[in-house]
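Basis for what follows: all heavy atoms, side chains included, without hydrogens, waters or symmetry-related copies.
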Amino acid sequence: MTKPFGVAVYSSGGFESLGAKYLAAERIAGRGRPTLVLSIGDLDPSGLSMVDAAAEDVAAFVDDLGAQPPTISRLAVTSEQVTTFDLPTAPQKDTDHRGEHMSETVQAEALSPEQLVRIVREAVAAAVDLPTLQEVRRRSAEERQAVVDAVAHLPRR
């Protein structure tokens, strides 16, 4: 879904280990450019806390590695999407005491695959400099062809 944009996708689930967060920080720091992390999660206190905890830990690790911490953007599930897509809600679990009480919660799975794909593609398209990406791909194809042509003209033994 993001390959046409030249964007890598990494997934996680639940509250990630510090090791996983450090590996994410190394990938971000190694890029050497600003990074946008797009997040999809449940609209409930735990889902919101997971993103906050991951963002805080990854940002601290990236900073320790001497790079610019990423910008985090929550794509789904949002309150607006609950209304727009008429998503099914459920009361907050009595056992979930993270953050403020929410009268209604929504699981990310309430969004259809088609809705998720559209949400992600729109966000990625807005974040990627498409003309520059197209120019880089054009130049890469030209350079690749030049190498192929040069190799084809090498003497055979």
Side-chain angles (χ1 to χ4, degrees), residues 1-44 46-88 105-157:
M1 130 176 48
T2 62
K3 188 175 182 179
F5 300 101
V7 173
V9 173
Y10 298 94
S11 66
S12 66
F15 286 89
E16 292 294 329
S17 69
L18 283 177
K21 293 174 188 176
Y22 188 78
L23 290 174
E26 285 183 320
R27 286 192 303 267
I28 292 166
R31 295 185 70 237
R33 64 178 88 84
T35 300
L36 172 63
V37 175
L38 303 174
S39 171
I40 296 171
D42 297 342
L43 183 61
D44 64 16
S46 289
L48 298 172
S49 293
M50 281 183 231
V51 173
D52 292 344
E56 185 177 308
D57 290 344
V58 170
F61 285 138
V62 171
D63 188 55
D64 288 347
L65 292 167
Q68 180 181 347
T71 300
I72 311 294
S73 177
R74 183 174 181 85
L75 290 185
V77 175
T78 66
S79 298
E80 295 79 20
Q81 291 162 344
V82 173
T83 302
T84 300
F85 300 120
D86 194 27
L87 300 176
T105 65
V106 179
Q107 300 298 301
E109 294 84 359
L111 287 162
S112 71
E114 294 80 13
Q115 290 166 328
L116 277 172
V117 165
R118 192 179 89 248
I119 290 165
V120 171
R121 282 193 179 150
E122 287 175 0
V124 171
V128 172
D129 181 349
L130 294 176
T132 299
L133 177 62
Q134 291 169 344
E135 176 60 19
V136 167
R137 286 186 173 152
R138 185 193 63 73
R139 279 187 288 146
S140 293
E142 286 177 1
E143 291 170 4
R144 187 177 309 109
Q145 189 59 50
V147 170
V148 168
D149 292 346
V151 169
H153 291 94
L154 290 174
R156 306 225 183 226
R157 292 188 205 192

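Scored by the side-chain contact (heavy atoms from CB on, under 4.5 Å) test, S17 finds A20 as partners (sequence neighbours excluded). For E122, the side-chain contact (heavy atoms from CB on, under 4.5 Å) test picks out R118, with sequence neighbours left out. Under the rule for a side-chain contact (heavy atoms from CB on, under 4.5 Å), Q134 has no partner lying at least two apart in sequence or in another chain. Contacts of Q107 classified as side-chain contact (heavy atoms from CB on, under 4.5 Å), with partners at least two apart in sequence or in another chain: D42, D44, E109.
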Report all side-chain donor-acceptor pairs from residues 142-149 shorter than 3.5 Å, counting only partners two or more places apart or in another chain.
{"residue": "E142", "atom": "OE1", "partner": "R138", "partner atom": "NH1", "Å": "3.2"}
{"residue": "E142", "atom": "OE2", "partner": "R138", "partner atom": "NH1", "Å": "2.3"}
{"residue": "Q145", "atom": "NE2", "partner": "D149", "partner atom": "OD1", "Å": "2.8"}

Ignoring hydrogens and angles, write down the donor-acceptor pairs under 3.5 Å from the side chains of residues 51-66, residues two or more places apart or on other chains.
{"residue": "D57", "atom": "OD2", "partner": "K21", "partner atom": "NZ", "Å": "2.7"}

With a 3.5 Å cut-off and sequence neighbours excluded, list the donor-acceptor pairs that the side chains of residues 24-32 form with protein atoms.
{"residue": "R31", "atom": "NH1", "partner": "P34", "partner atom": "O", "Å": "3.3"}
{"residue": "R31", "atom": "NH1", "partner": "T35", "partner atom": "OG1", "Å": "2.7"}

Please report, to 0.1 Å, the donor-acceptor pairs under 3.5 Å made by any side chain of residues 124-133, with sequence neighbours excluded.
{"residue": "D129", "atom": "OD1", "partner": "T132", "partner atom": "N", "Å": "3.3"}
{"residue": "D129", "atom": "OD1", "partner": "T132", "partner atom": "OG1", "Å": "3.3"}
{"residue": "D129", "atom": "OD2", "partner": "T132", "partner atom": "OG1", "Å": "2.7"}

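One distance of note links CG of L38 with CD1 of I72; it measures 9.0 Å at 0.5 Å rounding.
Pairs passing the ring pair (Phe, Tyr, Trp, His ring centres under 6.0 Å) check and including a residue from residues 113-138, sequence neighbours excluded, do not occur. Listed by first and then second residue, the side-chain hydrogen bond (donor to acceptor under 3.5 Å, both in side chains) pairs involving residues 74-84 are T78-E80, T78-Q81 (not counting sequence neighbours). Among residues at least two apart or in separate chains, there is no ring pair (Phe, Tyr, Trp, His ring centres under 6.0 Å) pair with a member in residues 106-146. Sorted pairs that involve residues 132-157 and meet ring pair (Phe, Tyr, Trp, His ring centres under 6.0 Å), not counting sequence neighbours, are lacking altogether.
Taking every heavy atom of both residues into account, A123 and L75 meet most closely at CB-CD2, 3.3 Å. Between S73 and L36, the shortest heavy-atom contact is CB-CD1, 3.9 Å.
Put simply, the side chain of F85 does not reach to within 4.5 Å of the side chain of V106, judged on heavy atoms. Side-chain contact check for I40 versus I119: every heavy-atom pair is 4.5 Å or farther apart.
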